[in-house]
Amino acid sequence: MQIAFPLRIDQNRRTATTDDATHVRDMIEQLLFTAPGERVMRPTFGSGVMQLVFAPNSPELAATTHFLVEGALQQWLGNVIELRGVIITADDATLRVEISYVLRATQESRTDTFQRSAV
């Protein structure tokens, strides 16, 4: 069992826990939506993907962001997941990131979608 994200107290008044697959999903979400420089002790942690919410769409920006996300996932979570694919979509003020990966510990294939809005 792993500590749940976001940190919270469960019905037994203890730190909430989660299974390993959900913990990996939580780690991916933290990596995606943390801006580089946001964490004092890990200034390179993060992907910078939230900048897309306010940026004008262009093929160049989409390609750059795709490579940034892939690089961040491989750098910070490469020992936990085997990345299979990343799809990034920015519609108006909503950003969607779909990630396909395999959990290295169990060889389970997963596809998770993460979404954030500027509002």
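Predicted model, so just to flag it, every value in this text is computed and none were measured. For this chain, numbers begin at 1 and follow the sequence in order.
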| said: Could you check whether atom CZ of R14 has more than 12 heavy atoms from other residues, nucleotides or ligands sitting under 6.0 Å from it? | reply: no
| message | If you count heavy atoms of other groups shown closer than 6.0 angstrom to CZ of R42, is the number above 12? | response | no
Which pair of heavy atoms, one from [X] and one from [Y], lies closest together, and at what distance?
X: S109; Y: V102; answer: OG-CG2, 3.7 Å
X: A72; Y: G46; answer: CB-O, 3.6 Å
X: T18; Y: A4; answer: CG2-CA, 4.0 Å

| query | Taking 4.0 angstrom as the limit, do R110 and E108 come out as a salt bridge? | reply |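 Salt bridge present between R110 and E108.
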| Atom pair CZ (F5) and NE2 (H23), whose distance is rounded to the nearest 0.5 Å |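 Interatomic distance, F5 CZ to H23 NE2, rounded to 0.5 Å: 11.0 Å.
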| Which value, rounded to the nearest 0.5 Å, describes the distance between T89 atom OG1 and Q115 atom CD? | 10.0 Å
With distance as the sole test, does [X] use its side chain to make a donor-acceptor pair with the main-chain N or O of [Y] at under 3.5 Å?
X: T34; Y: Q30; value: yes
X: Q74; Y: G71; value: no
X: H66; Y: V86; value: yes
X: R104; Y: I81; value: yes

| task | Before giving the answer on side-chain contact (heavy atoms from CB on, under 4.5 Å), spell out for V97 and I87 the whole-Å C-alpha distance, their side-chain angles and the decisive distance to 0.1 Å. | result | CA-CA 6 Å; V97 181; I87 298 172; over 6 Å; no
Do [X] and [Y] have side chains that approach each other closer than 4.5 Å (heavy atoms only, starting at C-beta)?
X: Y101; Y: V24; result: yes
X: D19; Y: Q2; result: no
X: I28; Y: D26; result: no
X: E98; Y: D112; result: no
X: E82; Y: R84; result: yes
X: P36; Y: T44; result: no
X: V49; Y: L68; result: no

| said: For F114, does the six-membered ring have the charged nitrogen or CZ of R96 within the cation-pi criterion, i.e. under 6.0 angstrom from the centroid and within 45° of the normal? | reply: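 Judged by the rule, R96 and F114 form no cation-pi pair.
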| query | Which of these, L32, T111, I88, sits in a side-chain contact (heavy atoms from CB on, under 4.5 Å) with I99? | reply | L32
